[in-house]
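Because the structure is a prediction, the values reported are computed rather than measured. Computation of the quantities below employed the complete heavy-atom set of this structure, encompassing side-chain atoms and omitting hydrogens, waters and symmetry-equivalent molecules. Note that ligands are numbered from 1 as they come in the structure, with each ligand's atoms numbered from 1 the same way.
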Amino acid sequence: LVRMQFLQILSRKLGSLEMLFQIPFCQKQFPYTCLSTSARVYSKKKKGNSYEQVDQEKYKNLVHSVTSYKTSAQTPETILEEDNLLYGPPAKHRPPIKAGTKTPKNWVPLINPSKRILPVSSDSNVPMQIGLQRTKMPSVTRILQQTLSPQQVFYLERWKQKMIEEIGKEGFEEYTKNLFLQGELFHSALESIFLSEEMAARDQGEDDVVAGYLSSVEHVLEDISEVKALESGVHHKTLQYVGLVDCVAKYRGQLCVIDWKTSEKPKPFLQNTYDNPLQVAAYIGAINHDANYDFQVRCGLIVVAYKDGSPAHPHFMDPDLCSQYWNKWLLRLEEYMDKN
Ligand code: MN
């Protein structure tokens, strides 16, 4: 934990310089150690040392945080090892969300004030499945992917390098391909369950993997009722983005946008799910501003299912939490629109 805090402090201080971490850690520390221990020796020389030109006040805290930490055992290897422990291969690190001081320039409410809800909403038992129209509008996942913070990119890249070191480039490609395929199979298996369809015949091998994920979510499915939409396209009319929602249904009596996630590592807290809460908030906002849907959604649910069949973690997002993530989403969307 101490080292994690250290890394957080350090990466915060380094800001955009954090990419330098890719230089083996021991080399990176060296100049800073020099600065604190040898500055006095060099200061008497006429020429002075180049560090004098450094903004001392600005870097004092950084230097202090680096030099005061007991780093003797810190080699790149132990950092990577600990990375694996802390973040794990499939569980990519998500930096804590900074206390939101920024506000979106163009603020649109999560709930659509002008959407009229019919007193008796369509009581059809058949879930809606709106096709995703071909469009030039960006998708939620694309927007999130293109606006990752330098820190997120850094951790992702380091995780990838670590994996490639372990299983090779081809092994890594195979691994990610399989992860993707398993996710797809799991999603379509759930879709079949909600449509009360017979499971399509599949390869036995693939079935086994999906079976693990399915038994993982079994206890969550018991709390889900009134499925209103499944694998359905959504379009935010005002903000001009699209997405494909896994499921809209009631969870313990509250209407939610539900997103299924597959994971090989435990994600017991919402904070472990990276940008998933932003994704869910983005879908909620889109549904509320999409005329295809004659209802509004205020809550979200992220269900993290495990391959080994251990009980899935359902992360419920109440209306207040959804609004908080909605604001974070609007900032990311703004960033994307500025770039493109
Ligand atoms: Mn999903």
Centroid separation under 6.0 Å, is that true for the rings of Trp329 and Tyr241?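 Judged by ring-centre distance (under 6.0 Å), Tyr241 and Trp329 do meet the cut-off.
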
Strictly below 4.0 Å, N to O, side chains only: are Arg332 and Asp275 in salt-bridge contact?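 Looking at Asp275 together with Arg332, the answer is yes, because their closest N to O distance falls below 4.0 Å.
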
In chain order, what residues pass the side chain to side chain donor-acceptor pair (under 3.5 Å) check against Gln324, with sequence neighbours excluded?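 For Gln324 the side chain to side chain donor-acceptor pair (under 3.5 Å) partners, ignoring immediate neighbours, are Asp320.
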
Leaving waters out, which protein N, O or S atoms fall under 2.8 Å from the Mn ion (ligand 1)?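 Under 2.8 Å from the Mn ion (ligand 1) - ignoring waters, which are not counted - the protein N, O or S atoms are His187 NE2, Asp246 OD2, Asp259 OD1, Trp260 O.
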
So which of Pro268, Ser263, Ser216 actually passes side-chain contact (heavy atoms from CB on, under 4.5 Å) with His313?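 For His313, the side-chain contact (heavy atoms from CB on, under 4.5 Å) check succeeds only for Pro268.
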
Derivation of the salt bridge (Lys or Arg N to Asp or Glu O under 4.0 Å) call for Lys177 and Glu173: CA-CA 6 Å; Lys177 204 182 82 189; Glu173 273 160 21; over 6 Å; no

Taking atom CG of Leu190 and atom CG of Leu185, what is their separation to the nearest 0.5 Å?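 Reported to 0.5 Å precision, the distance equals 11.0 Å.
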
